Amino acid sequence: MSNAAAHSLRKFSLRVTNENVLKAAASLKGSDHHRATNVSFRLAAQQKKLGLPVLPTTTIGSFPQTMDLRRVRREFKAKKISEDDYVKSIKEEINKVVKLQEELDIGVLVHGEPEKNDIVEYFGEQLSGFAFIVNGWVQSYGSRCVKQPNIYGDVSRPKAMIVLLFMATNQSPRPQVYLYLARLIIFCKIDKTTTGN
């Protein structure tokens with residue numbers, strides 16, 4: 001197949017073009033970019049539900065990734081353990097960090113993010129239209145490196161992404177925050193065959 005023919009076929013590939021994404025983008029209106037309620041209303045509703053002190057204590061970011069946790073994730077990706085075994089290990093780790101925070105009298109708990117090794121990879125692997133390099137890392141800032149994600153098609157979310165986070169919800173009467181500052185650091189290669197530019 002010639003290069004020109006391959007480019008022509010790519011325009012119509014279901015892996016590259018997602019009709020639902022095109023329809024959703026076309027249907028956006030200006031009001032979709034603004035919240036229906038103002039910040040004062042949201043803060044009052046949050047305070048009514050949670051009853052937080054003026055300066056609640058919490059932690060930000062992931063708890064340390066243990067060697068066991070890394071081993072379990074590696075075995076799951078290599079299909080050496082079942083998804084049930086993987087989820088069981090994640091739940092056990094969530095239980096540990098919730099208990100630790102209660103012992104430390106932390107006001108607003110986090111689940112510790114044991115299910116992710118890297119935020120870019122974690123979210124990107126759950127989106128369609130992304131591909132990741134397997135054996136290579138790219139420096140993103142400071143000493144932080146990520147596996148390079150590349151966009152090859154329309155990006156969409158095929159299923160709920162943060163299901164494991166809610167496993168911790170019933171473990172403590174204290175409020176819990178699920179803080180995912182998902183700055184998806186993306187090194188994208190613009191495909192001129194689909195953008196038309």
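The figures here come from the full heavy-atom set of this structure, side chains too, leaving out hydrogens, waters and symmetry mates. Being a predicted model, the structure only gives us computed values, none of them experimental. Sequence positions, counted from 1, serve as the residue numbers for this chain.
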Which distance, rounded to the nearest 0.5 Å, do you find between the CG of Leu69 and the CD of Glu93? 5.0 Å

With a cut-off of 6.0 Å (strictly less than), are more than 12 heavy atoms of other residues, nucleotides or ligands near CD of Glu83? no

Among residues at least two apart in sequence or on other chains, which ones pass side chain to side chain donor-acceptor pair (under 3.5 Å) with Asn38? none

Do Glu19 and Leu22 pass the side chain to side chain contact (heavy atoms under 4.5 Å, CB included) test, and can you show the C-alpha distance, the side-chain angles, and the key distance before you say yes or no? CA-CA 5 Å; Glu19 196 64 35; Leu22 297 175; 4.3 Å; yes

For Tyr152 versus Phe130, what's the shortest heavy-atom pair and its separation? CE2-O, 3.2 Å

CD (Glu115) and CD1 (Ile94) are apart, to the nearest 0.5 Å, by 6.0 Å

Provide the closest heavy-atom pair for Asp32 versus Ser27 in the form atom of the first, atom of the second, distance. OD2-O, 4.1 Å

Look up atom OG in Ser128 and atom CG in Asn20, then write down how far apart they are to the nearest 0.5 Å. 9.5 Å

Sorted by first residue and then second, give each side chain to side chain donor-acceptor pair (under 3.5 Å) pair with at least one member in residues 71-80; sequence neighbours left out. Gln65-Arg73, Arg71-Glu75, Lys77-Glu121, Lys77-Glu125

In this structure, CZ of Arg174 is separated from CG of Asp105 (nearest 0.5 Å) by 5.0 Å

Nearest atoms (heavy-atom pairs only) where Pro114 meets Ile90: O-CD1, 3.5 Å

Residues which pass side chain to side chain donor-acceptor pair (under 3.5 Å) with Gln46, listed by chain and number, not counting sequence neighbours: none

